[in-house]
Amino acid sequence: MLKVYNTLTREKEEFKPLKKGEVGIYVCGVTPYNDPHIGNARPFVVWDVIRRFFKKSGYKVKYIQNFTDVDDKIIRKANEEGVSWSDISDRYIASYFEAMDALGVRRADIYPRVSEHIPDIIAMVQTLIDKGYAYTVDGDVYYSVEKFAEYGKLSGRNLEDMQAGARVEVDERKQNPMDFALWKAAKPGEPSWESPWGKGRPGWHIECSTMSLKYLGKTFDFHGGGSDLIFPHHENEIAQSQACCGDTKSFAHYWLHNGFITIHEEKMSKSKNNFFTVQDILKQYPGEVMRFFILQTHYRSPLDFSDERLKEAQAGLARLKHSREYAEVLSKRQGDASTAQALAAMAAQAKRDFYAALEDDFNTALAISYLFALSKEINIYSNEIANNGLDFDAAGFAEAKAVYDEMAEIIGLFETQAAPVDDGLVEPLMKLIISIRQEARQAKNWALADKIRDELKAAGIVIEDSPTGARWKKV
RNA sequence: GGCGACAUAGCCAAGCGGUAAGGCCGGGGUCUGCAAAACCCCUAUUCCCCAGUUCGAUUCUGGGUGUCGCCUCCA
């Protein structure tokens, strides 16, 4: 039984799909005005796993993720650079996909953009006006929060408290300081579209209501995003969507919010200028390491970013990879002893535990621990075979590997292949050097063998001997 | 000021009423001509503090202390 923590009720609830065997997911995407930093990437990595989990569990998944490509910051950046707003959004959407590809995040089913849904947005705003939830002022359209009785239900606030502590400068034209813009009248130098209220552009929030309605319907299963979107963004989406549909039970059933990635315990954010972009980190670590780093912590917890943490993730991931290689090799060798029955049983148990962990509010950290548990079991058997001549059971290893791969696939590991950096010359040269050294070793000429190894090391190449021959790698 | 989250070994991190998963680091060993790599084993009588509820609490309740977040653009 799948249980999920719902921000709306502040409880873990049993997940009941709207339609049996199907799940609809809307995750708030990015405003493309910058390269994504690792904090931005977190929700997409998390949801990528959730989606893989649902698919593996037999659900038909519809996963929508928007791009807010009409926005103040995009416009500002475009004006700074003297290019069009769409040049900026196109550039950073491409950057976003580049980062997601590196992290092994599979594509959503649809990536709707604000700029391609202006008529839908206008229609929704008009409906809100018609129903009395919105009013126009000088070409702007505002949502009247007082008209929506349940305003604040997601974020656990009420209008009185918010007004008491409001730090925003009050726009005197608003009926209530908390009213927010559905449509903004055009200003010089801004992109704009014709509307019943004059030229203008959509406010923030309305696009998600409109596009989720269009692609997932009035009611759907999951809505996700970072915790910072709970208020005002998701609160406002609820107000818009439920007012529009006239049904306070409509819209998303389960609201999932991920915690922040921090640096020195402080939220990573563009405004604090304490962020690391995915692309920057990729210069030091493979995307897979970042992904593993993110998933080793439960999605709702804060996650402190540092080089140290990434190094740890890399070491742990390397351990998992080694075991997979063992299982792979042994599953293909000849061997029909049934010594690995315990291994197969262990694998079956690991698989059950793994799924149970994910069914408990997508506890990837716990799930990954079962990957390590199976890894250890595989290593023990491999050692018995290598060191004690135990007969082995290829079928047992094949079974363990199948389970191992299934778990890894949901977490999204082992998918990226290291790009060979060979220029066509290094490989044959190294082969030659290694074979010369091997001859020296066979002649017990340790002085020469060690000299070759030491000098290569000084040149940045490490030689590692093994029963099946020497390996080399750049440091 | 309002609302909320979190505090578990050297570091990271699960668990959230039945007696502390996992990873990293460190220590010991196996393998190796020597190394390296890899693997195996070991590493918290104890879960921020103080009360309370309970046969029993890291887990629940109350009160502290500390850290972080939202209330303004933010994943």
Side-chain angles (χ1 to χ4, degrees), chain A residues 7 10 27-31 33-34 36-47 71-73 76 152 155-158 160-169 178 204 224-233 235 257-262 265-272 275 292-293 296-298 300-304 306 308-309 311-320 322-323 325-326 353 357 360 363-373 375-376 378-384 386-388 441-442 444-446 449-450 453-454 457 462-467 470-471 473:
Chain A
T7 305
R10 287 154 203 274
V27 174
C28 284
V30 295
T31 299
Y33 73 103
N34 220 328
H37 65 241
I38 188 166
N40 294 320
R42 186 179 190 185
F44 308 114
V45 170
V46 167
W47 280 98
D71 167 88
D72 292 0
K73 287 180 298 256
R76 194 196 314 138
S155 54
R157 307 156 199 254
N158 58 59
E160 296 74 58
D161 290 344
M162 284 189 282
Q163 284 167 47
R167 286 191 263 152
V168 240
E169 45 193 277
M178 299 310 297
W204 184 40
S227 306
D228 46 4
L229 295 181
I230 295 171
F231 191 90
H233 187 54
E235 194 70 70
H257 293 97
N258 60 276
F260 301 125
I261 289 187
T262 58
E265 312 278 291
E266 285 216 319
K267 183 184 175 187
M268 182 185 289
S269 72
K270 285 168 185 169
S271 51
K272 283 183 185 164
F275 61 88
F292 191 63
F293 159 74
Q296 264 191 299
T297 297
H298 184 87
R300 280 192 281 119
S301 301
L303 209 202
D304 203 48
S306 70
E308 177 76 20
R309 292 281 81 72
K311 276 204 175 71
E312 286 181 14
Q314 190 166 39
L317 188 58
R319 182 185 176 82
L320 293 179
H322 282 296
S323 301
E325 281 166 30
Y326 288 147
D353 291 340
D360 185 8
N363 193 337
T364 53
L366 223 209
I368 286 170
S369 77
Y370 298 115
L371 210 40
F372 278 107
S375 156
K376 174 157 286 184
I378 289 169
N379 291 340
I380 288 171
Y381 274 89
S382 302
N383 265 25
E384 285 294 307
N387 298 339
N388 300 331
R441 291 183 70 216
Q442 271 156 11
K444 297 201 189 299
N445 185 350
W446 308 127
D450 291 351
R453 188 171 64 196
D454 291 346
K457 187 174 183 183
V462 172
I463 297 285
E464 292 168 4
D465 293 320
S466 84
R471 283 187 299 264
K473 65 181 179 190

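All values below were derived from every heavy atom in this structure, side-chain atoms included, with hydrogens, water molecules and symmetry-related copies excluded.
- Residue-to-nucleotide contacts include no donor-acceptor pair under 3.5 Å from the side chain of Q296(A) to the base of G23(B).
- One P atom belongs to U8(B), the other to U59(B), and the distance between them is 13 Å to the nearest Å.
- Of the two residues near RNA chain B, G316(A) and H37(A), the one whose nearest nucleotide lies more 5' is G316(A).
- The base-pairing partner of A57(B), taking Watson-Crick or G-U wobble contacts with both distances under 3.5 Å, does not exist among the strands shown.
- Distance noted for atom P between C60(B) and C41(B): 33 Å (whole Å).
- Under 4.0 angstrom from either OP1 or OP2 of C70(B) there lies at least one side-chain N or O belonging to K267(A).
- Taking only side-chain nitrogens and oxygens, S269(A) never comes nearer than 4.0 Å to OP1 or OP2 of G69(B).
- Nucleotide A37(B): unpaired (no Watson-Crick or G-U wobble partner with both distances less than 3.5 Å).
- The separation of U58(B) from A9(B), taken at their C1' atoms, amounts to 14 Å, rounded to a whole angstrom.
- Relative to the side chain of N363(A), the nucleotides A14(B), U67(B), A75(B) differ in distance, and A14(B) lies closest.
- Pairing partner, G22(B): C12(B), with both Watson-Crick or wobble hydrogen-bond distances short of 3.5 Å.
- Distance check on atom P: G22(B) versus A36(B) gives 27 Å, rounded to whole Å.
- Comparing atom distances between the K376(A) side chain and each of C70(B), C40(B), G33(B) picks out C40(B) as nearest.
- Dense packing is recorded around NZ of K272(A), with more than 12 heavy atoms of other residues, nucleotides or ligands lying under 6.0 Å away.
- One finds a side-chain N or O of R319(A) lying less than 4.0 angstrom from the OP1 or OP2 phosphate oxygen of C40(B).
- Within the shown strands, G2(B) is the pairing partner of C70(B) under the Watson-Crick or G-U definition, both distances less than 3.5 Å.
- The N383(A) side chain lies nearest to C40(B) when the options are C40(B), G33(B), A14(B).
- Using a 4.0 Å cut-off, some side-chain N or O of K272(A) falls inside it from OP1 or OP2 of G69(B).
- Only the C1' atoms considered, G18(B) is 15 Å distant from U46(B), to the nearest whole Å.
- Comparing C31(B) with A38(B), their C1' atoms are spaced 9 Å from each other, to the whole Å.
- Checked against A75(B), C40(B), G22(B), the side chain of M268(A) finds its nearest nucleotide in A75(B).
- Nucleotides A13(B) and A20(B) have their C1' atoms positioned 13 Å apart, rounded to a whole Å.
- Nearest-nucleotide positions on RNA chain B place S155(A) closer to the 5' end than the other of S155(A) and G259(A).
- Spacing between A7(B) and A75(B) at atom P, rounded to whole Å, works out to 26 Å.
- Under the Watson-Crick or G-U wobble criterion, with both distances below 3.5 Å, A7(B) is paired with U65(B).
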